[in-house]
Amino acid sequence: MRLRSLGGSARLRRALGLALLLTAATFLLDTPASADQGPGAPVRLGAVEELLQYLLIGIARGAVFSLIALGYTMVYGIIELINFAHGDLYMLGAFMALSVVACCGGESLSGGAAAGAIALAFLVSTAFTAGVNFGVERLAYRPLRNAPPLAPLLTAIGMSFIFQNLGLFWGGLPIAGMGSQAAAPKSFPDLLPTVNLVQALGIPSGLSFTTKDLFVIATAAPLMVGLTLFVRFTRLGKAMRATAQNRMAAQVVGINADRVIAATFLIGGGLAGAGAVINGLYNNTIVFDMGYNAGLMAFTAAVLGGIGSIPGAMLGGFFIGIVSSFSDWQLATQWTPAVVFGLLILVLIFRPQGLLGRETGEKA
Amino acid sequence: MRRPPIGVLVVAAAVLYPAVHAIGIGPSLGGLVTILFFTLLAVGLNIVVGYAGILHLGYAAFFGVGAYAAGILTTPSHPFGWPFWLALPVGGAAGALLGLVFSAPLLRLRGDYLAIVTLGLGEILQVVLINLPGVTRGNSGLSPIGAPRLLGYELDQRYPAFWYYFVLALLLLAVAVSRAVERSRFGRAWVAIRENELAADCMGVNPVRAKLLAFVLSAVVAGVAGAAYGSFAGGLYPTAFTFNISATLLCMVILGGMGNPAGVVLGAVLLAGFDRVVAPFLTEQAGRLLPGGGGGSWRIFLEFHNYRFLLYGIALVILMRIRPQGLLPSAEMREELLEREEAASAAGAPA
Amino acid sequence: MGRELRRGPFGVIALAAAALLAGGGLGSGCGPKGRPGIVKIVSSLPMQGSSLGQTQTIVDGIRMAIEEAGGKVGSFTIEYEPWDDASAQKGSWDETVEAENARRAVNDPDVLVYIGTFNSGAAKVAAPILNREGLLMISPANTWPGLTKPGNWDPGEPGIYRPSGKLTYFRVVPADDIQGPVSAAWAQELGVKSVYILHDQETYGKGIAEIVRRECEKRGIAVKGFDGIDKKAPEYRSLMTKVKGTDPDLVYFGGITQNNAGQLVKDMVAVGVRAEFMGPDGVYEKAFIEAAGAANANNRCYITFGGIPPKNLTGKGKVFYDTFVAKFKKEPEGYAVYGYEAAKVALEAIRRAGKEEREAVRAGCAGIRDFDGMLGKWSFDANGDTSLKFMSCNIVKNGELEFVKLMTVD
């Protein structure tokens, strides 16, 4: 592939490998005797423990937002396109992952077979969303490179409609995992062991932090770290940053902007696919219109962190995860979207460039 | 050379349509009123997106605020009981007020940061509408909404002909105001900001004030449209003011040709017409071909209505590829496009 | 072109006035006569977006009822058209489309019955329009009590839906003022002492949740919390952690499958809430169990439904069940029965009328007594409600809905 000639994908592959390794590791913790959901009154949490509990929930939630936000922010950073279809691409990734897992045996899988199915889902789903994003860029966005700035935005909205409709159709396919109604939410098999690590490690507390929570963080973190290192140190990464800063100047110094942009879509798409698998395994529900909310939260995370900034997107994702968790707890989930957006507006009033964004001049 | 007066012909055709429809030809007036509402909103959105160059993703919020302000004042569920004609300008004022309060601290934000803030505003309004049932009745809907009284008639939705002309008149007014402002000092300021905000600022154009005017003006259009919409629809439901609506309106503006009201009208009529007239018609025709019932979840593949979003999306993508500047771009837009292409070819980019 | 447009409005005002008179006059004046021998039934349901599953099922039920009758009632040929009241812009039911459907039905002299709506909000829009013209409307799914029953609902209800004073709106499903009390009574029977109530913030979900709250309080069941959920959220771990802290015996969810009911059950399990789960007929479907995951839902989810579950029907109902399974290769779900029942009622009303006249059909429907339907033997009462006062209580076992018993409250 072309990407390899630019170098640097080795690091990404290593990061992916690490993620898979950690996934496998979580299975080793699966001890059969540790069913922790027996009836009986729950242990009361102390005030600090309670705070910690919602913080943990927020971190796991934020990890998923972050992964999607990364794809947003990369694409935005490089061609200043708000890719409205990104959330729906993530949704398609989730359907692909469900199809793979369900075809492998779904709910009945366990142990090594489950780990294998998960690894396969990661591979297929990531490759699928990366490929789709790459193809869409080639066919729909690239011809609009010199078009008025809002033309690609409209194309993105159009792609979002197309993806959503395809998701609906996917749900209606007579294949494993899709259930009886096309439009209804689908259950993603619960393949991860749920062991409360706090109890398993013998910590005397009513806190809950399960292997599933660990899985989310343990798979998302290496992807994020890998991406950061990739963009910072590899040639392609540097080319990306150069193109993001000034496409014309980058071209003048011999960077093939088209190729860099294509690589950005490829990687951003792949991250959406990985995020979709992680979300599927963690939350166990997917539905054809899930992309809207996921995309919205990710977009918000990207802007909050400073759009175009990779660490910013991650920070934004975790920030929103934690804020929404606290809001669910202290207010009610019905107010949470308002709290998240209200905070976004407040942050932008005081830091117009986002949390980690840098003040830059207007681009040409 | 003088071109044929297409504008006048279009207006005349629109005005005469009900008479034609009365002998049983063409889509119903009630359906067309909804299309006119979308067109009116798109023309309003064009002021901020097309003229001032601000990406606005929460226009439905201003539409909603106008609608609920007027709705609360006229509905019998609340103790005000104002007549529609008084509530209509209040709807516009409510839109303007929200525009003012909201944009004053935020207009200094750059481009897409402002975009997401507008999007956030839309989401917040949605949550507020749903979660304050005491005021808005939440998802149960605020209904009924007071109808306009004219010559002793209670002109509710049973009189689509009235609504057709009423909204058409609002639309023509909005187009006329758009045109007038475009040619004014502010119109020129908007062009300057769009081209280069920094340079415009240096040349003595106050970008914040110019943007504020665009924002508030478009908010007034949305507010008035909202006030009228509630009365026409007979009830207000938060789902009428979601991001979907904002996105659809934005599509209409971009597709039609930003900055050119005539283009925006064309874009709006095409997109809303597809959804309200063409798609339902095709759905019914396709439904006739389908044998009665049967099948499992794969049935969705056989029914036309399940392809609506797909076709809509494909149409947007293809149209943007063929005419990225929109169907009827404004003169400035054509020039800007030309400049971009020249700049691109100067930099040696592959075409 | 701009110059012309600017001048345009002034030039056309006179034309506008003329056409207004012409259009208005012609539009309301000469109504064409219907085709003799043809009776049209239309349904107005959201055929896009997340409700698609249920509405498709309703349409299947309606089609089946009409086909069973051979497409005829007496000498009349029945035509059926399923209309969509959703718009792509909203992705759900749309008040302007619903109103347009109602106007269209009113203006089409062949239409004698309007089956719909799915959402109670949509019924609020359509009912007054149809009522003014005396067109019969039968809902297979609306459960908001205020649509028919006098009482302390929204201001002006139900009179505002009957501007002509006549009864034109009927429903074959028991309203929530029956389902709510039954749910509370059943919960008490199950030994529930405390409940945490959630809802999806929709008319239906919130409406029933509020009734359940009131009934629980009446029965001395402690209500530990009452929250709306963000139906688009990917998960509810925080919420469920909060619920777990209050340690209720039962979590009641007022809402439908498509508003994330399944995820709530999943997160109850994920977080370790020990409570049982109860929901209304909006989750009485296989898709709910699929969404929640059978392993999570089994022996834990209690679901009420307005009538006898299709599987447990006897006599006529058994025939319906078998035919449906044979024809559609799937189990008829709650909404299929409701749709089928609504269409049966429509056909019966036309039969009773014996002529192609809206008033006769309306009166025919109002006069239906001891109707031997799929849901049992029932009559329409003075409000247009079914006299069925019992709900079936069901529990999820082995990934299926299992009928427990019938229940009623006075």
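Between H56(B) and F62(B), the gap from one ring centroid to the other is short of 6.0 Å. Between F288(A) and F169(A), the distance separating the two ring centers is not shorter than 6.0 angstrom.
If you measure heavy-atom distances from V49(B) to chain A, the contacts under 4.5 Å come from the side chain alone. Proximity to chain A (any heavy atom under 4.5 Å) is shown, for L125(B), by neither the backbone nor the side chain. For Q164(A), no part sits under 4.5 Å from any heavy atom of chain B, backbone or side chain. Of the two parts of I82(A), only the side chain, counted from C-beta on, holds a non-hydrogen atom closer than 4.5 Å to a non-hydrogen atom of chain B. Heavy atoms of L144(A) lying under 4.5 Å from chain B belong exclusively to its side chain. For T336(A), no part sits under 4.5 Å from any heavy atom of chain B, backbone or side chain. For F84(A), the part sitting under 4.5 Å from any heavy atom of chain B is the side chain, from C-beta outward, and nothing else. Both the backbone and the side chain of L255(B) come within contact range of chain A, each with at least one heavy atom under 4.5 Å from a heavy atom of that chain. Using a 4.5 Å cut-off between heavy atoms, R308(B) contacts chain A through its backbone alone, with no side-chain atom that close. Contacts between L344(A) and chain B at a heavy-atom distance below 4.5 Å involve the side chain alone, from C-beta outward.
Heavy-atom pairs under 4.5 Å with chain A peak, among V317(B), I116(B), L109(B), L250(B), at I116(B). Taking chain A as the reference chain and counting heavy-atom pairs below 4.5 Å, the highest number among V117(B), L316(B), I254(B) is found for I254(B). The candidate from C251(B), A247(B), G326(B) with the greatest count of non-hydrogen atom pairs under 4.5 Å with chain A is C251(B).
To the nearest 0.5 Å, the span separating CG on L212(B) from CZ on F102(B) amounts to 11.5 Å. Of the inter-residue distances, the one linking L315(A) atom CG with I320(A) atom CD1 reads 10.0 Å to the nearest 0.5 angstrom.
Ionic pairing of R247(A) and D258(A) is not present here: no N-O contact between side-chain nitrogen and carboxylate oxygen is shorter than 4.0 angstrom.
Counting heavy atoms from C-beta outward, V127(B) and F341(A) have side chains that stay 4.5 Å or more apart. Looking only at side-chain heavy atoms (C-beta outward), W170(A) and L92(A) come within less than 4.5 Å of each other.
A donor-acceptor pair shorter than 3.5 Å can be found between the side chains of D88(A) and S160(A).
Around the CZ atom of R323(B), the shell of radius 6.0 Å holds more than 12 heavy atoms that belong to other residues, nucleotides or ligands.
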